[in-house]
> 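Just passing along the structure, written as structure tokens.
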Amino acid sequence: MKKLLKKVFKTLDIKIADENRVRVESGGLLVPKCEITILGQMSLLTNDKVSSFLTLAQTGDMDALISLNTFVKIELKKLLIENGLVYDEDSEKIWIPKESGYEELFNFPFIHVRIIDAESALVSKAIKAPLKNKQLIREAIASERFQGLADRILHYGGDLEFFAED
Amino acid sequence: MKKEEIVAKIKKAAQKDKKRRRDPRYRNTMAFLVNKGFLRANQKFPMGGNVRIAIEDAIWAGQNIEPRILEVLPAAVIRLNKHFVLGKNRTKEMINLEETINDLRELKEQGRDFLGIRYDKIKIWVNFKLKDGRIKTQVDKKIARNYRLRPKTIEILKNKALASKISDTEYLENLILKSNL
């Protein structure tokens, strides 16, 4: 997954560079450097530290917060489709715990891509979509690699007992 | 219940999950959906030959192990229907699946949800590009129809198609699409 995303964002970066060359010639406003924050399942699958011990599956949708101009957003959506992925238009609605941290995934001249830290992604899933992520949360807690996970689920009003039910 | 007790129960349940993930119903369904590109996973799911998946098994795997299976199942059944076997039992889940599939086949903008998954989230995968480029999307799928034409009409059609270096069907389809612009 990480390899595929690298290909997508590298191509997007080249497209922005090409567009900026045209804009320099025509005197238009240049496309600024963009920041993309990958959330949800894709953030876990691209995180080498957690994908080695969690069982992860995902559909082709990409949850991401994107601070882009229209040109980049359109180009990114096209590139994702060409590579068997889809941008989830509901991404902006995803709840992110306020103390979340972020890790850099790629840094190209025109695009900076980062992922939400794995524990915060799991907290978000446990609170907002517990049924869909029941086994994943159980596996994460049982792994003992996320020391704050159970406490944070409780802190945000999650039902920890739900994950203990068969 | 104290947090420590809950965590201990969660750990026991996680062990059960691990065993469940060895179930052939889950492994075969995942192998098929991952190999066809409907799902991605960080586990290896070796798949052999021309596989046929029982829809009941796929639903079981979706309800008990990986809910994302249910999200792509209606689209997978539509696009690769020869690979799925319908069981004899018409459970409420099967009826729900048929309803959603009917709405998708009719390309309805809004349709019936499948086992709690929103129709709009399911619909995306009907026209989604798959790894295997031979698998057509719902809008690109061709439908066979018979039309009775006069010999003279067929002769003109053949000559025009030949001159354009395309098939008779393509020539006819282009004409119809142009007339609809």
Side-chain angles (χ1 to χ4, degrees), chain A residues 1-2 4-5 41-42 44-48 50-62 78 80-90 126 129-144 146-147 149-151 153-155 158-166, chain B residues 1-18 20-22 26 29-31 33-34 36-43 45 61-73 75-76 115-118 120-125 127-133 135 137:
Chain A
M1 178 56 74
K2 202 171 170 181
L4 178 67
L5 286 187
Q41 203 77 349
M42 198 171 273
L44 297 173
L45 263 169
T46 51
N47 188 327
D48 300 331
V50 297
S51 68
S52 61
F53 63 88
L54 288 181
T55 309
L56 299 165
Q58 77 155 139
T59 55
D61 67 338
M62 179 204 240
K78 274 194 229 164
L80 288 174
I81 289 169
E82 280 168 24
N83 287 279
L85 299 168
V86 178
Y87 174 69
D88 191 334
E89 300 287 350
D90 286 342
L131 189 61
K132 192 175 175 183
N133 297 291
K134 196 174 190 179
Q135 293 214 4
L136 175 61
I137 301 300
R138 281 209 281 246
E139 194 181 24
I141 291 174
S143 74
E144 295 181 349
F146 303 97
Q147 291 303 319
L149 181 56
D151 285 332
I153 292 171
L154 290 169
H155 171 75
D159 180 7
L160 198 57
E161 281 188 54
F162 170 79
F163 299 101
E165 292 161 9
D166 199 16
Chain B
M1 211 188 302
K2 280 184 189 168
K3 189 192 98 183
E4 289 70 25
E5 287 173 319
I6 303 171
V7 169
K9 275 192 158 189
I10 287 174
K11 285 181 180 176
K12 267 190 186 170
Q15 281 302 317
K16 270 191 184 173
D17 293 340
K18 205 173 170 182
R20 270 197 202 131
R21 283 196 292 271
R22 285 187 217 129
Y26 165 72
T29 306
M30 282 299 288
L33 294 173
V34 169
K36 293 296 177 188
F38 280 100
L39 290 176
R40 292 163 198 273
N42 64 348
Q43 318 285 302
F45 292 101
Q63 286 183 316
N64 291 284
I65 304 173
E66 180 48 76
R68 288 160 189 88
I69 290 172
L70 301 176
E71 203 175 320
V72 298
L73 186 62
L115 300 178
I117 301 163
R118 272 165 39 200
D120 63 317
K121 291 281 174 195
I122 294 166
K123 199 175 64 166
I124 298 167
W125 314 118
N127 293 315
F128 171 74
K129 188 183 163 189
L130 291 174
K131 264 196 273 186
D132 186 344
I135 304 165
T137 60

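By convention in this document, chain letters (A, B, ...) are assigned in the order of the sequence lines, proteins followed by strands, and residues within each chain are numbered from 1. Hydrogens, waters and symmetry mates play no part in the numbers below; they use all other heavy atoms, side chains included. Everything numeric here is computed off the predicted structure, so don't read it as measured data.
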> What I'd like to find out is whether the side chain of A:Asp151 reaches to under 4.5 Å of the side chain of B:Lys3, using heavy atoms alone.
yes
> If you count heavy-atom pairs within less than 4.5 Å of chain B, which of A:Ala150, A:Ala142, A:Ser143, A:Ser52 leads?
A:Ala142
> If you measure from CD on A:Glu144 to NZ on B:Lys11, what distance do you get to the nearest 0.5 Å?
3.5 Å
> Which distance, rounded to the nearest 0.5 Å, do you find between the OG1 of A:Thr59 and the CH2 of B:Trp125?
4.0 Å
> Please classify the contact between A:Glu165 and chain B as side chain, backbone, both or neither, with a heavy-atom cut-off of under 4.5 Å.
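No part of it gets close to chain B.
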> B:Arg118 and A:Asp90: which non-hydrogen atoms are nearest, and at how many Å?
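Closest pair (atom of B:Arg118, atom of A:Asp90, distance): NH2-OD2, 3.1 Å.
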> Can A:Gln135 and B:Arg20 be said to form a side-chain contact (heavy atoms from CB on, under 4.5 Å), step by step?
CA-CA 11 Å; A:Gln135 293 214 4; B:Arg20 270 197 202 131; 3.9 Å; yes
> Heavy-atom distance under 4.5 Å to chain B: side chain of A:Leu4, backbone, both or neither?
side chain
> Tell me whether B:Asn42 contacts the main-chain N or O of A:Leu54 through its side chain, where contact means a donor paired with an acceptor under 3.5 Å.
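Present.
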> Once you round to the nearest 0.5 Å, how far does OG1 of A:Thr55 lie from CZ of B:Arg21?
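Going from the OG1 atom of A:Thr55 to the CZ atom of B:Arg21 covers 3.5 Å.
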> If every non-hydrogen atom of B:Ala13 is compared with every non-hydrogen atom of A:Phe163, which pair is closest and at what distance?
CB-O, 4.4 Å
> List the steps and the verdict of side-chain contact (heavy atoms from CB on, under 4.5 Å) for A:Leu160 and B:Ile10.
CA-CA 9 Å; A:Leu160 198 57; B:Ile10 287 174; 4.1 Å; yes
> Testing A:Gln58, A:Met42, A:Gln41 for side-chain contact (heavy atoms from CB on, under 4.5 Å) with B:Arg40, which one passes?
A:Gln58
> Would you mind telling me which of B:Asn64, B:Ile124, B:Ile65, B:Val7 has the largest number of heavy-atom pairs within less than 4.5 Å of chain A?
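When all of B:Asn64, B:Ile124, B:Ile65, B:Val7 are compared, B:Ile65 has the most.
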> Measuring heavy-atom distances to chain B, does A:Leu45 have an atom under 4.5 Å in its side chain, in its backbone, in both, or in neither?
side chain
> Looking at CD of B:Glu71 and NZ of A:Lys132, how far apart are the two atoms once the value is rounded to the nearest 0.5 Å?
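Rounded to the nearest 0.5 Å, the CD-NZ separation comes to 4.5 Å.
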> What's the separation between atom CZ in A:Phe162 and atom CD1 in B:Ile6, rounded to the nearest 0.5 Å?
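Spacing of CZ (A:Phe162) from CD1 (B:Ile6) equals 13.5 Å.
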> Does A:Asp61 form a side-chain contact (heavy atoms from CB on, under 4.5 Å) with B:Arg68? I'd like the steps, not just the answer.
CA-CA 11 Å; A:Asp61 67 338; B:Arg68 288 160 189 88; over 6 Å; no
> For a 4.5 angstrom cut-off between non-hydrogen side-chain atoms, does A:Glu139 reach B:Asp17?
no
> Check salt bridge (charged side-chain N to carboxylate O under 4.0 Å, His left out) between A:Asp88 and all other residues, then give those that pass, not counting sequence neighbours.
B:Lys121
> Rounded to the nearest 0.5 Å, how far apart are NZ of B:Lys9 and CZ of A:Arg138?
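Answer for the NZ-CZ pair, B:Lys9 versus A:Arg138, is 11.5 Å.
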